[in-house]
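Report on the structure given below.
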Amino acid sequence: MTTLIYTHDACLQHQPGRNHPEAPERLRAVRRALQAPFFAGLQWREAPLGSAEQAKLVHDADYVDWVHSVSPAQGLRALDGGDTVMSPGTLEAVLRCVGAACAGVDAVVAGEADNVFCATRPCGHHAEAERAMGFCVFNQAAIAALHARHRHGLKRVAVVDFDVHHGNGTQQCFHDDPDLFYGSSHQSPFYPGTGSRHESGVARNIVNIPLSRGCGTAEFRKGMSAELLPALRDFAPELLIISAGFDAHHQDPLGGLQLTDDDFDWITRELLAVASDSAHGRVVSILEGGYSLDGLASGSAAHVRAMMES
Ligand SMILES: [Zn+2]
């Protein structure tokens, strides 16, 4: 198996301010974890710069142009009231996130790799068509899905999201298209407030698994096994994108779930099994949240190890 890692130092230059949880150290922790001897077989590539046109596959053109126009030369520029801010390095960082996700799709479709992990930041799944939200500027997971269609003619694309937060932006993008599937497990009630079971899309193409605070291995695996994985299997994606957040880890300071590294290993293997059946194994996983540096490092290592071994 060949697993590619797309990353770029520009993703360290998104600096949303001291004490902001979405800090550059997060990416350093992930990359350090993937330098352990076990990971010697990984192929590392520099994330290309994504384009405004790629961002506009998901986002309103006015919003994408506005983000470019307000990028600060110095200091910080708040985009959404405080959670999501741009520093001078943010525009390139978010375009590298977009570029990594789209290049990852290109690589698995071309057969250059079995699967791909995008070690990029900031996260993207809260970003909606016309607004930044929850640390996210562009929604690279949704963009990758539409890029797969636009560039490669794939029809049925799924995103599965195990971040502790619901990916409201991805759900919004996929809601009305029966050939796009979004499945999410997340803490509820919790930020951003969306993700109830009743939100099921235009054709049951949205599957939400809300988990109450304190839930751990048993509830997570039950919800995935009983609901999300069977629905994903029925959908039969031609490409699977994973919104891989590690803030459901028991060590995470923001999340209130109790997942372990074994849970991330388990769900990764389950998802890759579905992709193996319907998608020629094509999987592009994209880093979302995770705010315990230790939990982020060990969780992402478990995830990538499972991708290499599946
Ligand atoms: Zn999150």
Side-chain angles (χ1 to χ4, degrees), residues 11 14 16 19-27 29-30 79-85 93-94 97 101 117-128 131-144 159-173 182-196 199 208-216 219-220 223-224 228 241-261 263-264 267-268 271 285-300 302-303:
C11 292
H14 165 55
N19 303 322
H20 196 292
E22 206 292 282
E25 286 69 27
R26 299 180 56 247
L27 179 56
V30 170
L79 297 185
D80 70 340
D83 275 354
T84 315
V85 297
V94 297
C97 291
F117 181 64
C118 298
T120 50
R121 64 175 280 277
C123 42
H125 67 161
H126 296 306
E128 296 188 340
R131 64 169 174 159
M133 191 173 155
F135 314 164
C136 306
V137 178
F138 295 143
N139 191 325
Q140 50 265 27
I143 292 167
V159 172
V160 173
D161 183 337
F162 53 71
D163 189 281
V164 81
H165 302 99
H166 182 246
N168 55 289
T170 313
Q171 174 170 299
Q172 178 204 52
C173 178
Y182 177 66
S184 172
S185 62
H186 46 270
Q187 185 177 332
S188 177
F190 202 41
Y191 183 89
T194 50
S196 80
E199 297 163 26
N208 284 310
I209 312 290
L211 299 169
S212 37
R213 184 177 180 81
C215 279
E219 297 88 348
F220 172 72
M224 286 291 186
L228 197 152
I241 294 165
I242 302 177
S243 271
F246 298 94
D247 42 10
H249 194 281
H250 64 90
Q251 289 175 291
D252 196 88
L254 301 189
L257 299 184
Q258 301 293 323
L259 299 193
T260 66
D261 296 337
D263 294 320
F264 295 117
I267 189 58
T268 305
L271 291 172
S285 176
I286 299 169
L287 181 64
E288 297 280 0
Y291 304 97
S292 154
L293 296 182
D294 289 344
L296 180 59
S298 64
S300 57
H303 175 60

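Both ligands and their constituent atoms are indexed starting at 1 by order of listing.
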Using distance only, find each side-chain donor-acceptor pair of residues 209-216 under 3.5 Å and give its atom names and separation, not counting sequence neighbours.
none

Tell me which N, O or S atom from Asp247 is the closest to the Zn ion (ligand 1). OD2
Indicate the ring-plane relationship of Phe264 and Phe162, choosing parallel, tilted or perpendicular according to the 30° and 60° boundaries. tilted
Hey, can you tell me if Phe190 and His165 have their rings parallel, tilted or perpendicular (30° and 60° cut-offs)? parallel
Under 2.8 Å: N/O/S of Glu288 next to the Zn ion (ligand 1): no
Vertex the Zn ion (ligand 1), ends His165/ND1 and Asp163/OD2: angle to nearest 10° comes to 150°
For the residue pair Tyr182 and His166, is the inter-centroid distance of their aromatic rings smaller than 6.0 Å? yes
